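No experiment lies behind these values; they were computed from the predicted model shown.
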Amino acid sequence: AYHSPPVVAIRNFALTSHSEQGSTLLGTSHKSPVYDAAFYLGTMIRALDWNDTYLNKEPAHPSDNIPACLNVAEAEGKSGKDLLLAMVIAYELHCRLCDAAGIRKKGWDHVTYGSISSAAPAAKLMGLSKDQIRDAMSIAITTGNYLRQTRIGTISKWKAAAFAQACQNAVRASLVVKYGMDGPSDIFEGQHGLINQITLGEFDLAPCFGGRDGEPFKVIDTYIKYFPAEYHSQSAIWAALDIRDQIGADGISNIENIHVETSFHSYEIIGKEPAKWHPETKETADHSLPYIVAVALMDGEVTLDQFDAAHLKNSQLQHLVQKVTVAEKKEYTDMYGKSFPNKITVSKKNGNVYEKEVLDPKGHPNNPLTLDELETKFRRAADPLLRKKQQDKIMDTIGNLEQVQDIGSLMRLFEVK
């Protein structure tokens, strides 16, 4: 994502400040204040829509929390073990909050939960006490509530930076507590706290978190994206590619219509708004089920190239997008949270019909990526930017992260020459 427009914008912003006690802007040798470095790294993580996902009452991309862990760990001189602990804390909190209450339908963006899940590990890495961690979380959630309008209609570059802003805010909240500030009380259950104002009374938080009484940690329940597109579309892409193999490239011009059956959540997020049939930006296209299915059928692949300007302006592709219809399938809605299926039916002008259903896409816990596949994904992203020796060293360092004593040594491996 180093050269993507949202990342370039935030990098240029972060380069205007410098701090010896800060953190490295990934890909450079420059150190900015840790909260700006986290803002930048968070934008990198989301810009390609190629990270991980967790879906329940509220959707999430838990790896969005990593800047609050990685950048703060570097700034605080922490070890690889410290970093791993912080990441487990972030994933645990973020996913448990998504299980507790949905806020999307109430007009709030899912990144609001990041104010809590990023503040806790940042504060932990700063060595704050239990009470101080509470203060950091309360300041972060008081100041870090975000409107869902970020993801409605034509989606702007800001989508990539929305959680990064929550992460930046959480790190700043932790820092001010570190230097003596305290936070508001009753932040969850108070008269104007989270439950009354944001979740509107809904808050079924699990009584037992990971690590207690045999309860597994949530990090193992998350899903890694195989394709750089919104998660609900992942199984649809596999289905479309299967049909493409059956009809071939020459069969695309004879398609009469394309019907996608999906869950209500998928329909609402990526298959409902008129803008999904007329995407004008990459950010809208990779959140458009009609576009994603059409481009998979036309090109036989879904990579970053399928969301470039040439594709968005391709009249043949746009014509194919208009042939896509999307509807909820109640059976899929009932499966939501455990599986995220899609079924595609392609009807040809000659009367032939092709169908394919995919329940668990590659990267789901029921169909996990192998270590080799993860490495392939990393190298595909890194090849334009990092030499093979750099990539090898990064893979080796991350594979032995618990042995790393200086997180800064890991950050320096990513410098783009």
Under 4.5 Å between any side-chain heavy atoms of [X] and [Y], yes or no?
X	Y	answer
K124	I89	yes
D299	H311	yes
L385	Q390	no
K57	R104	no
R151	Q149	no
M335	L359	yes
L401	L410	yes
V219	M87	no

Evaluate salt bridge (Lys or Arg N to Asp or Glu O under 4.0 Å) for D308 paired with K313, printing each intermediate quantity in order. CA-CA 9 Å; D308 63 16; K313 296 176 181 178; over 6 Å; no
Give me the atom names and distance for the closest heavy-atom approach of [X] to [Y].
X	Y	value
L125	A73	CD1-N, 3.9 Å
I133	L128	CD1-O, 3.8 Å
L289	A236	CD1-CB, 3.9 Å
D109	I103	O-CD1, 3.4 Å
S409	V404	OG-CG1, 4.0 Å
H94	P62	ND1-CA, 3.8 Å

N/O donor-acceptor pair under 3.5 Å between [X] side chain and [Y] backbone:
X	Y	answer
T112	N145	no
S156	W158	yes
N400	Q403	no
W108	Y113	no
S32	S17	yes
K323	H259	no
N367	D360	yes
S266	S263	no
Q234	K225	no
D221	F217	no

Would you call [X]-[Y] a salt bridge at under 4.0 Å N-O?
X	Y	result
D135	K130	no
E76	K178	yes
K106	E202	yes
E215	R212	no
K362	E373	yes
D49	K159	yes
D392	R379	yes

Just checking [X] against [Y], ring centres under 6.0 Å apart?
X	Y	result
F188	F203	yes
H232	Y336	yes
W238	Y226	yes
F340	Y223	yes

Gap between atom [atom2] of [Y] and atom [atom1] of [X] - 0.5 Å precision:
X	Y	atom1	atom2	result
I198	I141	CD1	CD1	6.5 Å
I269	H265	CD1	NE2	7.5 Å
S79	Q405	OG	CD	5.5 Å
M411	S29	CE	OG	12.0 Å

Under 3.5 Å side-chain donor-acceptor pair for [X] and [Y]:
X	Y	value
Q191	D186	no
T262	N342	yes
T284	T281	yes
T303	Q306	yes
K276	Y291	no
N169	Q165	no
Q197	H192	yes
E280	T154	no

Could you go through the side-chain contact (heavy atoms from CB on, under 4.5 Å) check for E261 and E328 one step at a time? CA-CA 6 Å; E261 295 174 90; E328 177 196 5; over 6 Å; no
Step by step, would you call I394 with L386 a side-chain contact (heavy atoms from CB on, under 4.5 Å)? CA-CA 10 Å; I394 290 167; L386 304 177; 3.7 Å; yes
Can you confirm whether [X] is buried at [atom1], in the sense that more than 12 heavy atoms of other residues, nucleotides or ligands lie under 6.0 Å from that atom?
X	atom1	answer
H18	NE2	yes
Q246	CD	yes
Q322	CD	yes

So is [X] actually on top of [Y]'s ring, under 6.0 Å and inside 45° of the axis?
X	Y	result
R172	Y35	yes
R11	Y2	yes
R46	F163	no

CA sep, side-chain torsions, deciding dist, call: K377, E375, salt bridge (Lys or Arg N to Asp or Glu O under 4.0 Å): CA-CA 5 Å; K377 178 178 175 179; E375 179 177 347; over 6 Å; no
Verdict with supporting geometry, D82 and I407, side-chain contact (heavy atoms from CB on, under 4.5 Å): CA-CA 10 Å; D82 295 322; I407 295 302; over 6 Å; no
Would you sort out whether N65 and Y91 count as a side-chain contact (heavy atoms from CB on, under 4.5 Å), showing the intermediate values? CA-CA 8 Å; N65 293 280; Y91 271 68; 5.6 Å; no
May I have the step-by-step check of side chain to side chain donor-acceptor pair (under 3.5 Å) for Y54 and D99, ending in yes or no? CA-CA 10 Å; Y54 181 80; D99 292 347; 2.6 Å; yes
